[in-house]
Amino acid sequence: MSDKKLWGGRFTKDTDKQVNDFNSSIAFDARLYKQDIEGSIAHATMLGETKIISKTASDKIVSALKGILRDIEAYKVVFDIDAEDIHMNVEKILIERIGEAGKMLHTGRSRNDQVALDIRMYLKEELATVENMLNSLKFTLVSLAEENVDTIMPGYTHLQKAQPINLAHYFMAYYEMFSRDTERIKECYARTNTMPLGSGALAGTTFPIDRKFVKEQLGFAKLTKNSLDAVSDRDFVLEFAFCNSLIMMHLSRFAEELILWSTNEFGTITIDDAYSTGSSIMPQKKNPDVAELVRGKTGRVYGDLMGLLTIMKGLPLAYNKDMQEDKEAIFDSIDTVKLCLPVFTDMIKTMKINKEKMFVSASGGFTNATDVADYLVKKGIPFRTAHGIVGNMVLYCEQAEIVEGIENLSMKEFKSFSKLIDDDIYDCISMESCVSKRNVFGGPAKKEVLKQIVSAKKRIGG
Ligand code: ARG
């Protein structure tokens, strides 16, 4: 028999060195040590309570596990690659420390339900962290919105100037996206909050365990209901990876705009020096590296999701070792999001908004053309006809090189397009009025945006 492995009883040879390294996951699953030990403490306590093992053995295991946890946190433990993964490492150390009692810990349990438990516990903590980071970002967005209810900017479609809006409305658009991300994270948390221990390798256990006791000890909301599903389910891991992908997609779109706006051509924002970097050759350069890296890292978070989806797609029930590959992907996805959210939040907090330039930019490109058409509609002209008239005005302005905009036409010129146009047109198509008249629920009018800000502040407790 091979005496190196905890599972070595039926083996006649040692594991090939290459296979040993190939199979081992301790290099990346060591980060589950806390959850693994807390899960084992709950399991051992339950084994004692139900008299499956003696109270003395249970107490001995629990106190030794606490000691192992302390020692790991004090960097006193060196994990062993030969012990394969975090579960076997902890069990091995336990047996080394307390002997026979330690050998009782794995009664009525398998690594398959153990790893499912550990990941769920780990992800619950990380979901809460990501939720907090999203809240800080949303809080920042609301503050920026509050400061910019009177900052007029050009709204775009097709990256062509479309209609003026205020910058507050723009920030609140991202607030909405990150609010949906928060909802998704909470929903993912609810599904992750299910306790799988007791499912065994695949078919539960013959011991009279108390799953409810373990669930309560570990603060889970409910129990998994099918042992086969419980050990082969990684939906919650995939969901988290998807939530992260959407968070990154939102950050990336935002980053793309900030990169564009900070160019010399746009110049509507200036990213703070502390959040920019220089060039090794061009002395004048100030590059938006933070925003670019956030955009770039979105690719790897998508990659993590695609990897996870692909790992799971062909797996027969129940556990398969392929599932060990879930960890690096989800850890990387979480680490990346946790890296991006705070730095992005601080970057937008510190960027300078060039309000004057934004206003000038909003005024160009005939952004009030729809408002001229709406003006004509209110004077009794059908919208499609009004659209044609204003189209002709834009063409006239372009040909006459009146680039500043329709509001620069004289009354005589206006009348040549429609007799219905009067002096009130000038007020009606000013940038301020174009924005303030868009006062539908969810629209960019200051009054409406302020309502959204108030309700957002209530929702994030700001
Ligand atoms: N390290 C393994 C994983 O991450 C733990 C479960 C191993 N189970 C097994 N039957 N080999 O998935």
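When a residue number appears, it is its place in the shown sequence, counting from 1. Side chains are part of it too, since the values below use all heavy atoms of this structure and drop only hydrogens, waters and symmetry mates. Both counts, for ligands and for their atoms, begin at 1 and track the order of listing.
- Using a 30° and 60° split on the angle between ring planes, Tyr156 and Phe266 fall in the tilted class, from 30° to 60°.
- Atoms of ligand 1 lying under 4.0 Å from at least one heavy atom of Gln324, given by number and element, are 1 (N), 2 (C), 3 (C), 4 (O), 12 (O).
- Using a 30° and 60° split on the angle between ring planes, Tyr170 and Phe254 fall in the perpendicular class, above 60°.
- Outside the 6.0 Å centre-distance limit, the rings of Phe79 and Tyr33 are not counted as a close aromatic pair.
- The ligand atoms of ligand 1 that sit less than 4.0 angstrom from a heavy atom of Ser25 are 1 (N).
- When only modelled atom types and interatomic distance are considered, Asn287 and Ser276 share no side-chain donor-acceptor pair under 3.5 Å.
- Here the protein heavy atom with the shortest distance to atom 11 (N) of ligand 1 is Arg111 NH2, 3.5 Å.
- The contact set between ligand 1 and Asp85, taken as ligand atoms under 4.0 Å from a residue heavy atom, comprises 1 (N), 2 (C), 5 (C).
- Remark: Lys215 NZ to Thr194 OG1 distance equals 10.0 Å, nearest 0.5 Å.
- The aromatic rings of Trp7 and Phe11 are tilted relative to each other, their planes meeting at an angle between 30° and 60°.
- With Asn89 contributing its side chain and Asp85 its backbone, the two residues share a donor-acceptor pair below 3.5 Å.
- By the criterion of a heavy-atom distance under 4.0 Å, neither the backbone nor the side chain of Gln114 is placed next to ligand 1.
- Here the protein heavy atom with the shortest distance to atom 10 (N) of ligand 1 is Asn112 OD1, 3.1 Å.
- For ligand 1, the atoms closer than 4.0 angstrom to any heavy atom of His87 are 5 (C).
- Using a 4.0 Å cutoff on heavy atoms, Lys327 counts as a contact of ligand 1.
- At a 3.5 angstrom cut-off on N or O pairs, Tyr319 counts as close to ligand 1.
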